[in-house]
Amino acid sequence: MSPVYLLSAPFSGASVLAGMLGRHPALYAVPELNLFLANTVGGLLDIFDMGQGGHSHGLLRALAQLDHGGQHDEGIAAARAWLDARRSAGVAEVLQNLVERVAPKRLLVPDAESPLRPMDLQGLREARPRIECIHLLRHPWSQGVLLHAFSQDKLFVPQDYKDHSVRPPLLDPQICWLRAEHNLQALFGERPPLLHLCGEALDEDFDAAMRQLCEVLGISADASALAAMRTAEQWTFAGHGPRSAPYGLEPEALESFTATTLDLAAAASLSKPLPWRPDGAPFAPEVQARARACGYL
């Protein structure tokens, strides 16, 4: 059965939703894999070793859990050794291994990073005959408030998250929201996703949103399945992993936001001054246009 990629801009809830869906008896959700950073396993490992952050952690946690005794430091080391022994293999082989390993459940992969990287999406595009996609959205205001709050105490913020037309350059989350949505729009223009889902629907009517997801995935939405998906905290990959691979999920699935931040995120608007911009500017016209096309006000 083909795997399903849950694609979104950063801080749109992909890992959180994966945790919910991962509790469905017909699905097996894993952390972010970042497989399409390279074509071969060797190239992928080289990028992992050069990169900042925990881009390898999700893949290592998944392999450790499925094939190497669990998510502990010994399992992570064994997973890394398994990958090292397959440096000449294509990354599609690793994905297929995971698909086969979780069968008869269907593999589900959250991904909030590839939408920002056209080369990653090219790899996904080439693999799409064997991959289905779900597009998860969040209002750019809510997404921006969460991204901005998380980034305040971070030493490294990607340069392409910043508005360089002002001095000093200003962190402006709408930039990455628009870039991700633009890239996904191009990807889906060739082949539509199974579903475009506004994450706010989960807050408005959880059961209805989950029934819609189950319908497009061809799985049961009975009472027991809906109840299971309300227990995301029991997902196999919920929370931090072991010391050697603690990440692999989006920050909002690992960190807590203050009530003030959450209240501000909930006060979404396309026309009000952006709370993270000291100049009081609203969203750029192209962001407003794209958001309205997605159904946001």
Review point. Is the shortest side-chain N to carboxylate O distance from Arg125 to Glu190 below 4.0 Å?
Key: yes
**Study point:** Stepwise side-chain contact (heavy atoms from CB on, under 4.5 Å) test for Tyr296 and Glu200
**Key:** CA-CA 10 Å; Tyr296 289 117; Glu200 291 81 4; 2.7 Å; yes
Practice item. Show your working on side-chain contact (heavy atoms from CB on, under 4.5 Å) between Ile76 and Gln71 and close with a plain yes or no. Key: CA-CA 7 Å; Ile76 297 298; Gln71 295 175 72; 5.5 Å; no
Point to revise | Distance, nearest 0.5 Å, that separates NE2 of His196 from CD1 of Ile134 | key: 11.0 Å
**Study point:** Whether Gln212 side chain and Ala208 backbone form a donor-acceptor pair below 3.5 Å
**Key:** no
Point to revise | Atom pair CG (Leu98) and CG (Asp67), whose distance is rounded to the nearest 0.5 Å | key: 7.5 Å
Exercise for review: Could you go through the side-chain contact (heavy atoms from CB on, under 4.5 Å) check for Ile175 and Tyr161 one step at a time?
Suggested key: CA-CA 6 Å; Ile175 295 172; Tyr161 283 21; over 6 Å; no
Exercise for review: Return yes if a side-chain donor-acceptor contact under 3.5 Å exists between Gln174 and Asp172, otherwise no.
Suggested key: yes
Review point. If you measure from SG on Cys133 to CG on Leu187, what distance do you get to the nearest 0.5 Å?
Key: 6.0 Å
Review point. Under the ring pair (Phe, Tyr, Trp, His ring centres under 6.0 Å) test, which residues partner His24, sequence neighbours left out?
Key: none
Check your understanding: Considering residues, nucleotides and ligands other than His182, do more than 12 of their heavy atoms fall under 6.0 Å from its NE2?
Key -> no
Check your understanding: Ion pair present between Asp111 and Arg117, side-chain N to carboxylate O less than 4.0 angstrom?
Key -> no
Revision key, fill the gap. To the nearest 0.5 Å, atom OG of Ser2 lies from atom CG of Leu95 at 10.0 Å
Exercise for review: With sequence neighbours left out, write down each residue that passes salt bridge (Lys or Arg N to Asp or Glu O under 4.0 Å) with Arg191, or none if nothing qualifies.
Suggested key: Glu132
Point to revise | Same cluster (ILVMFWY, side-chain, under 4.5 Å), Leu60 and Phe48 | key: yes
**Study point:** Approximate separation, where rounding is to 0.5 Å, of Arg290 CZ and Leu270 CG
**Key:** 12.5 Å
Review point. Is there a donor-acceptor pair closer than 3.5 Å between any side-chain N or O of Trp235 and the backbone N or O of Met229?
Key: no
Exercise for review: Would you please name every residue forming a ring pair (Phe, Tyr, Trp, His ring centres under 6.0 Å) with Phe11, sequence neighbours left out?
Suggested key: Phe150
Check your understanding: Judged by atom type as modelled, is there a donor-acceptor pair below 3.5 Å linking the side chain of Gln143 to the main-chain atoms of Arg138?
Key -> no
Practice item. Taking Ser151 for its side chain and His148 for its backbone only, find out whether a donor-acceptor pair lies under 3.5 Å. Key: no
Point to revise | Derivation of the side-chain contact (heavy atoms from CB on, under 4.5 Å) call for Asn97 and Leu66 | key: CA-CA 10 Å; Asn97 173 76; Leu66 288 166; over 6 Å; no
Study note, to complete from the structure: From the list Pro173, Cys176, Pro169, side chain to side chain contact (heavy atoms under 4.5 Å, CB included) partner of Lys162 resolves to Pro169
Review point. Roughly how far apart are His139 NE2 and Cys198 SG, rounded to 0.5 Å?
Key: 9.5 Å
